[in-house]
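Residue indices begin at 1 and follow the sequence shown.
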Amino acid sequence: MLGLSLASRRGQRLRILCLGAHSDDIEIGCGATILQLATQRPRPDFRWVVWSAAGTRGDEAGRGARSFLGSAAAKAVRIHTFRDGYFPAQFAEIKDAFENLASEFEPDVVFTHARDDRHQDHRVVSDLTWNTFRNALILEYEIPKWDGDFGRPNLYVPASAAIARRKVRALLSAFGSQRSKDWFSADTFLGLMRLRGMECRAGAGNAEAFYARKITVPV
């Protein structure tokens, strides 16, 4: 199903929307998958939206996107400055921004936060993704954190050892403000990819996992 859904269609550019509440969410949740999609020919048309990234975090958001998209980041990235931790209280304003985004870009695939993520900002982004982009394949990624809210994903994207290491190097390089956090480490990111790789029997032993709640398979 994934191969059918994420392959470029008869030479057309795949339109991919990446959504993250904070400046490192996209890279953590689906960075290895994005690195692989970015090598497709024709290259997908990416949009990369971070909803809360002010000051230093805004600079890191741009640096992180460039690490994964290369020169395409100049066109793809949009950074908002909604207040971190207060998304439920800013719901109407964020919804307006979602609607503006939908009027400008119609994605084939959307990467977003998991519906059952315990972080309030993440849940708002996930809910608005489903409200706004009803014609796209929506894949919900997972973020390791203190809340311990991992579930049982049902879709996996295998990654080579080289891609897994490249993802982790980019994370540690781009997000200096997060390196003091005990969970923000190579061990965490590589360990999660190894665990998901084991679950799907990935050839190289690494994978990213997603929740795919609705999939249409063309036959």
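Among D182, D25, D117, the single residue meeting the salt bridge (Lys or Arg N to Asp or Glu O under 4.0 Å) criterion with K145 is D117. Tested against C18, the residues I26, L69, L37 include a single side-chain contact (heavy atoms from CB on, under 4.5 Å) partner, I26. Under the side-chain contact (heavy atoms from CB on, under 4.5 Å) test applied with L19, the options I138, V125, T132 reduce to a single match, V125.
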Apply side chain to side chain contact (heavy atoms under 4.5 Å, CB included) to R66 and V77, showing your working. CA-CA 9 Å; R66 289 191 296 274; V77 177; over 6 Å; no
Between F87 and S52, is a side chain to side chain contact (heavy atoms under 4.5 Å, CB included) present by the stated rule, with each step listed? CA-CA 9 Å; F87 279 23; S52 178; 3.7 Å; yes
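P144 and I28 get closest at one heavy-atom pair: CD-CG2, 3.7 Å. The minimum heavy-atom distance linking V110 with A136 is given by the pair CG2-CB, 3.8 Å. Taking every heavy atom of both residues into account, D116 and D149 meet most closely at O-CB, 4.4 Å. Across all their heavy atoms, H80 and V49 have their closest contact at CD2-CG1, 3.8 Å. Closest of all the heavy-atom pairs between K167 and F68 is O-CZ, 4.0 Å.
Expressed to the nearest 0.5 Å, how far CG of L195 lies from SG of C200 amounts to 10.0 Å. Interatomic distance, E140 CD to N154 CG, rounded to the nearest 0.5 Å: 9.0 Å.
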Going by atom type alone, with no hydrogens or angles, which donor-acceptor pairs under 3.5 Å involve a side-chain atom of residues 168-178 and a protein atom two or more places apart or on another chain?
unit_1, atom_1, unit_2, atom_2, d
S177, OG, E60, OE1, 2.8
S177, OG, E60, OE2, 3.0
Q178, OE1, K181, NZ, 2.7

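Residues W183 and W146 fail the side-chain proximity criterion, which asks for heavy atoms closer than 4.5 Å. With contacts defined as side-chain heavy-atom distances shorter than 4.5 Å, the pair L139/C30 does not qualify. In this structure the side chain of F184 reaches within 4.5 angstrom of the side chain of D24, judged on heavy atoms.
Heavy-atom contacts from other residues, nucleotides or ligands closer than 6.0 Å to CZ of R213 number more than 12. Crowding of E106 atom CD: a count of heavy atoms from other residues, nucleotides or ligands under 6.0 Å not exceeding 12.
The distance between the ring centers of H113 and H119 does not fall below 6.0 angstrom.
By the 30° and 60° cut-offs, the orientation of the rings of F111 relative to F210 is tilted.
Pairs of residues two or more places apart, or lying in two chains, never qualify as ring pair (Phe, Tyr, Trp, His ring centres under 6.0 Å) while including a residue from residues 24-47. A ring pair (Phe, Tyr, Trp, His ring centres under 6.0 Å) check over residues 89-109, counting only residues at least two apart or in different chains, returns the pairs W51-F98.
Between D45 and R15, no side-chain nitrogen of the basic residue sits less than 4.0 Å from a carboxylate oxygen of the acidic one, so the salt-bridge criterion is not met. Under 4.0 Å is where a charged nitrogen must lie from a carboxylate oxygen, and between R47 and E104 no such pair does.
A distance-only check finds no donor-acceptor pair linking the side chain of Q40 to the backbone of Q36 [under 3.5 Å].
At least one cation-pi condition fails for R196 and Y141: the charged atom is not both under 6.0 angstrom from the six-membered ring centre and inside a 45 degree cone around its axis.
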